[in-house]
Amino acid sequence: MKMLNVALPKGRLGEKVYDMFEKAGFPCPSIKENNRKLIFENQEVGVRYFWVKPSDVAIYVERGAADIGVAGKDILVEYRPDVYELLDLKMGKCDMAVAAKADFEDDRTKTLVVATKFTNVAKDYYGSLGRDIDIIHLNGSIEIAPILGLSDVIVDIVETGTTLKENNLVVVEKFMPISARLIANKANFKFKSELIEKIKQSLAKQTEN
Ligand code: PRP
């Protein structure tokens, strides 16, 4: 039997997503065993799961190494992978936001310095406002940048707001709601459309509950 390859985002969200796939009729009990393995398959139902970094899911799917996967809308907007976005799973909800020190005041006569992991998102957002910016691309711990004077603001994901609060930053504006999406490789979707549609329907039903 041809296996369905599913890229899951490593972490709590991925585990929840696996549970939904299990309910959809694609169990793979060995995945629950606590070990460092990254690939799990159940030949009986024809599914192979692999855990990848959340930001890498779209790469596996775009290149066809995975038929389907679950990726955050933030990654899809930032990297624009050439994949089908099949379903909003309404999980992993957070917001893309601008944040700064509480006393920050925007001086529109100056170029705004923005630190972010999401360079394209930041460019598009400020572009739509007609605001000149200078982008500093960082890979994590973005919240430190304004504190040390590396940037004026940051563009980052806010979920509970705890990271900002604990680093004395405030939200300036939330401008894009984010959630997890089911995505599919375009070519593989043609060959496995029936199966993928079936999974999509089941996941859609589960997200309604
Ligand atoms: C994200 C984001 C914030 C934090 C927001 O980081 O970059 O730092 O979560 O969550 P909160 O509002 O609930 O505090 P992540 O944990 O993905 O780590 P990273 O810094 O490596 O990106």
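Counting starts at 1 for both ligands and their atoms, following the listed order. Computed from a prediction, not measured in an experiment: that's the story for all the values here.
The structure places CG of Asp124 at 8.5 Å from CD of Glu78, a figure rounded to the nearest 0.5 Å.
Near Val158, meaning under 4.0 Å from any of its heavy atoms, are these atoms of ligand 1: 12 (O). Counting the atoms of ligand 1 from 1 in the order shown, those under 4.0 Å from a heavy atom of Gly161 are 11 (P), 12 (O), 13 (O). Counting atoms of ligand 1 from 1 in the listed order, those under 4.0 Å from a heavy atom of Thr162 are 12 (O), 14 (O). Shown in contact with Ser141 at under 4.0 Å from a heavy atom are these atoms of ligand 1, numbered in order with element: 20 (O). Below 4.0 Å from some heavy atom of Thr163 lie the following atoms of ligand 1, by number and element: 4 (C), 5 (C), 8 (O), 10 (O), 11 (P), 14 (O). For ligand 1, the atoms sitting less than 4.0 Å from at least one non-hydrogen atom of Asp156 are 2 (C), 3 (C), 7 (O), 8 (O), numbered in the order shown with element in parentheses.
Of all the heavy atoms of Cys94, none lies under 4.0 Å from any atom of ligand 1, so neither backbone nor side chain is involved.
Minimum interatomic distance between Asn185 and Asn188 (heavy atoms only, all atoms of both residues): OD1-N, 2.8 Å.
Assignment of Ile142 to the shell around ligand 1 is not supported, since no heavy atom sits closer than 4.0 Å. Distances shorter than 4.0 angstrom occur between a heavy atom of Glu143 and an atom of ligand 1. Taking 4.0 Å as the cut-off, Lys117 counts as a neighbour of ligand 1 on heavy-atom distance.
Using a 30° and 60° split on the angle between ring planes, Tyr125 and Phe175 fall in the parallel class, below 30°.
At a distance under 4.0 Å, no protein heavy atom can be found next to atom 9 (O) of ligand 1. Atom 1 (C) of ligand 1 lies below 4.0 Å from none of the non-hydrogen atoms of the protein.
Closest protein heavy atom to atom 13 (O) of ligand 1: Thr160 OG1, 2.5 Å.
Of the candidates Leu164, Ile157, Thr116, Ile154, Ile157 brings a heavy atom nearest to atom 5 (C) of ligand 1.
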Residue pair Ser179, Asp88: steps toward the side chain to side chain donor-acceptor pair (under 3.5 Å) verdict: CA-CA 7 Å; Ser179 58; Asp88 182 350; 2.8 Å; yes
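Each of Ile147, Val153, Ile154 was compared with Ser151 under the side-chain contact (heavy atoms from CB on, under 4.5 Å) criterion, and only Ile154 meets it.
Under the 6.0 Å distance and 45° angle rule, Lys37 counts as a cation-pi partner of Phe40.
A donor-acceptor pair is defined here as one N or O able to donate and one able to accept, closer than 3.5 Å; such a pair exists between the side chain of Gln206 and the backbone of Met20.
Counting heavy atoms of neighbouring residues, nucleotides and ligands inside a 6.0 Å radius, atom CZ of Arg63 does not exceed 12 of them.
A salt bridge links Asp106 with Arg131: the closest approach of a Lys/Arg side-chain nitrogen to an acidic carboxylate oxygen falls below 4.0 angstrom.
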